[in-house]
Amino acid sequence: MMPPPAEIAVALLLLASGAVVLVAALGLARLPDFFARMHAPALASTLAAWIVTLASIIHFSTRGGGLALHVWLVIIVLSITAPVTTIVLARAALFRRRQAGDALPPPLGGRL
């Protein structure tokens with residue numbers, strides 16, 4: 001059984017994580033184009049995952065009796081893969097818009 005202060009801390013952290021994701025969803029709905037829309041959820045989902053990780057560490061540490069850091073493995077993998085995925089999506093969208101003939105900056109192919 002968890003002590004009440006730990007339960008309150010975990011509950012507040014989970015609510016904060018939900019609020020961050022809600023703000024990201026609002027940004028996703030309100031921003032004008034794909035490149036602006038992909039920025040808000042990418043940052044907010046990573047922040048929300050960090051908050052949930054902290055809540056999980058508090059939860060498992062108070063229930064198990066010792067410091068439980070196995071949850072860090074999940075957030076480390078997420079912190080490595082989320083920015084890479086965002087870059088790949090941005091490059092794919094930029095490539096498609098260039099193929100469609102949209103007026104975009106030219107590629108950085110070494111031409112000055």
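In this chain, numbering begins with 1 at the start of the sequence shown.
To the nearest 0.5 Å, atoms CZ (F35) and CZ (R97) are separated by 5.0 Å. Interatomic distance, T53 OG1 to L69 CG, rounded to the nearest 0.5 Å: 11.5 Å. The line from CG of L26 to CZ of R30 is 8.0 Å long, rounded to the nearest 0.5 Å.
Each side chain to side chain donor-acceptor pair (under 3.5 Å) pair with one or both residues in residues 79-88, not counting sequence neighbours, appears once here: W50-S79. Each side chain to side chain donor-acceptor pair (under 3.5 Å) pair with one or both residues in residues 13-27, not counting sequence neighbours, would appear here, but there are none.
If you chain together hydrophobic residues whose side chains sit under 4.5 Å apart, I87 and M38 never meet in one group. V23 and V21 fall into different hydrophobic clusters, where Ile, Leu, Val, Met, Phe, Trp and Tyr side chains are chained together by heavy-atom contacts under 4.5 Å.
Nearest approach of I80 to V84, heavy atoms of both residues: O-CG2, 3.4 Å.
Taking 4.5 Å as the limit, every side-chain heavy atom of R98 sits out of range of all side-chain heavy atoms of D102. Within the 4.5 Å cutoff, side-chain heavy atoms of P3 are placed close to those of T62.
The side-chain contact (heavy atoms from CB on, under 4.5 Å) with V20 is formed by just one residue from the set L43, L15, L47, T46; it is L47.
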Discussion item. Would L12 and I8 count as a side chain to side chain contact (heavy atoms under 4.5 Å, CB included) here? Give the steps.
Written reply: CA-CA 6 Å; L12 289 176; I8 291 170; 3.9 Å; yes

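Listed for the R63 side chain is no donor-acceptor partner under 3.5 Å among the backbone atoms of M2.
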Less than 3.5 Å apart, which donor and acceptor atoms pair up between the side chains of residues 54-61 and the rest of the protein, not counting sequence neighbours?
from : atom 1 : to  : atom 2 : distance (Å)
S56  : OG     : V52 : O      : 3.0
S61  : OG     : I57 : O      : 2.7
S61  : OG     : A68 : N      : 2.9

